[in-house]
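FYI, side chains are in, hydrogens and waters are out, and symmetry mates aren't considered; it's all heavy atoms of this structure. Treat the numbers as computed from the prediction; the structure is a model and nothing was measured. Numbers here simply count residues along the sequence, with the first being 1.
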Amino acid sequence: MGVPEAQRLRSDGVQPVPGIGAAPFVTFSVLLAVFVFVFLALGALLEQTGPTRVGGYFGLAAAAGAWYTSAAGVLSTTFGRVVLPTGPR
């Protein structure tokens, strides 16, 4: 029996799943999601469209960050190397 695939990739310095290396992007996406809920709640409480619209834009930015982080994890696992960087090396 040889070395499992996941251990071989880690010894090469490539993380097969976004982990600590993806922390800045994950933190950014979660922070944006918090802004989404805050602005959507403010828009609903104040019955104004301005905060709701801002919350929608924050939602689009959070979705883009989540898609990027997810794609980085899938591509790193598929190709065995970092294709989309997610943090400092």
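- Across Ala62 and Ala33, no two heavy atoms sit closer than the pair CB-N, 4.1 Å.
- Environment of CZ in Phe28: sparse, with no more than 12 heavy atoms of neighbouring residues, nucleotides or ligands closer than 6.0 Å.
- One hydrophobic cluster, built from ILVMFWY side chains closer than 4.5 Å, cannot hold both Val38 and Leu45; they sit in different ones.
- Both Leu31 and Leu40 belong to a single network of hydrophobic side chains, linked directly or stepwise wherever heavy atoms of I, L, V, M, F, W or Y lie under 4.5 Å apart.
- Nearest heavy-atom pair across Phe58 and Val36 is C-CG2, 3.3 Å.
- A distance-only check finds no donor-acceptor pair linking the side chain of Ser70 to the backbone of Ala66 [under 3.5 Å].
- Applying side-chain contact (heavy atoms from CB on, under 4.5 Å) to Phe39 and the options Val54, Val34, Thr52 leaves one that passes, Val54.
- By the criterion of side-chain heavy atoms lying less than 4.5 angstrom apart, applied directly or through intervening Ile, Leu, Val, Met, Phe, Trp or Tyr residues, Leu60 is not grouped with Trp67; the two fall into different hydrophobic clusters.
- Atom CG of residue Leu84 and atom CZ of residue Phe79 lie 10.0 Å apart, to the nearest 0.5 angstrom.
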